[in-house]
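See below for the structure under consideration.
Sequential numbering from 1 along the given sequence is applied to the chain's residues. Just the heavy atoms: all of them, side chains too, but no hydrogens, waters or symmetry mates, feed the values below.
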Amino acid sequence: QVQLVDSGGGLVQAGGSLRLSCAVSRSFFSINTVGWYRQAPGKQRELVASFTRGGSTNYADSVKGRFTISRDIAKNTVYLQMSSLKPEDTAVYYCHADLLNFNYWGQGTQVTVSS
């Protein structure tokens, strides 16, 4: 019912910036939440940043002040602007949305931060 296409990952040096994009197949108004998760090797997938149904945002403590989630409502696209990147940010980043308590996931995009 919801298709997500995430992109924008790549290799970046520590301290650099990267912007991830997620194209959503339907209006944000019909979706409960939308945001980004990440999964590093040997770790569980964790929430990075998200929009709630009221438009408020949530951030993991580890990225607060460095990452910014935003959205373009007309384009049905959500972004994750990542700044001051650290090697520990290295992970596969997944766009995520939920509708009627069903979870939808993007393909995932690799972010690698080198020292």
### Task
Would you check, one step at a time, whether the test side chain to side chain contact (heavy atoms under 4.5 Å, CB included) holds for Val24 with Val2?
CA-CA 7 Å; Val24 183; Val2 181; 4.0 Å; yes
### Task
May I ask you to test the Tyr59-Val48 pair for a side-chain heavy-atom distance under 4.5 Å?
no
### Query
Pick from Leu20, Asp6, Val34: which one makes a side chain to side chain contact (heavy atoms under 4.5 Å, CB included) with Val78?
Val34
### Query
With a 4.5 Å heavy-atom cut-off, do Phe51 and Ile69 have their side chains touching?
yes
### Distance, nearest 0.5 Å, that separates OG of Ser21 from NZ of Lys75
9.5 Å
### Hydrophobic cluster membership, Val63 vs Val92, 4.5 Å side-chain cutoff
no
### Query
Do the ring centers of Trp36 and Phe67 come within less than 6.0 Å of each other?
no
#### Entry: Heavy-atom pair of closest approach, residues Ser114 and Leu11
CB-CD1, 4.3 Å
### Query
Taking NZ, NE, NH1 and NH2 as the nitrogens, is one of them in Asp89 or Lys86 under 4.0 Å from a carboxylate oxygen of the other?
no
### Query
Under 3.5 Å, is there a donor-acceptor pair between the side chain of Thr90 and the main chain of Val113?
yes
#### Entry: Geometric cation-pi criterion Arg45 and Tyr94, 6.0 Å radius, 45° cone
yes
### Message
Quick check against the 3.5 Å criterion: does Ser25 have a side-chain atom that pairs as donor or acceptor with the backbone of Gln3?
### Response
yes
### Task
Kindly assign one of parallel, tilted or perpendicular to the pair His96 and Trp105, based on the angle between their ring planes and the thresholds 30° and 60°.
tilted
### Query
Side-chain contact, heavy-atom cut-off 4.5 Å: Phe29 with Ile73?
yes
### Task
State, without any angle test, whether Tyr93 and Arg38 hold a side-chain donor-acceptor pair at a distance under 3.5 Å.
yes
### Message
Does any part of the side chain of Met82, heavy atoms only, come nearer than 4.5 Å to the side chain of Ser17, both counted from C-beta?
### Response
no
### Message
Would you say CD of Glu46 has more than 12 non-hydrogen atoms from neighbouring residues, nucleotides or ligands within 6.0 angstrom?
### Response
yes
## Note on the structure
Here the gap from Ile31 atom CD1 to Gln1 atom CD, rounded to the nearest 0.5 Å, amounts to 9.5 Å
### Query
From Asn58 CG over to Lys64 NZ, what is the distance, rounded to the nearest 0.5 angstrom?
8.0 Å
### Query
Does Arg66 reach the main-chain N or O of Ser84 with its side chain, forming a donor-acceptor pair under 3.5 Å?
yes
### Distance (rounded to the nearest 0.5 Å) between Cys22 SG and Gln107 CD
11.5 Å
### Task
Treating Ile, Leu, Val, Met, Phe, Trp and Tyr as nodes and any side-chain heavy-atom pair under 4.5 angstrom as an edge, say whether Leu4 and Tyr37 lie in one connected cluster.
no
### Query
Can you find a heavy atom in the side chain of Val111 that is under 4.5 Å from one in the side chain of Leu18?
yes
#### Entry: Note, Tyr79 side chain near Asp72 side chain (heavy atom, < 4.5 Å)
yes
### Query
Looking only at atom types and distance, does a side-chain atom of Ser50 sit under 3.5 Å from a main-chain N or O of Gly35, one as donor and one as acceptor?
no
### Query
Between Ala60 and Leu47, what is the shortest heavy-atom contact and its length?
CB-O, 3.5 Å
### Task
Answer yes or no: are there more than 12 heavy-atom neighbours, outside Glu88 itself, under 6.0 Å from its atom CD?
yes
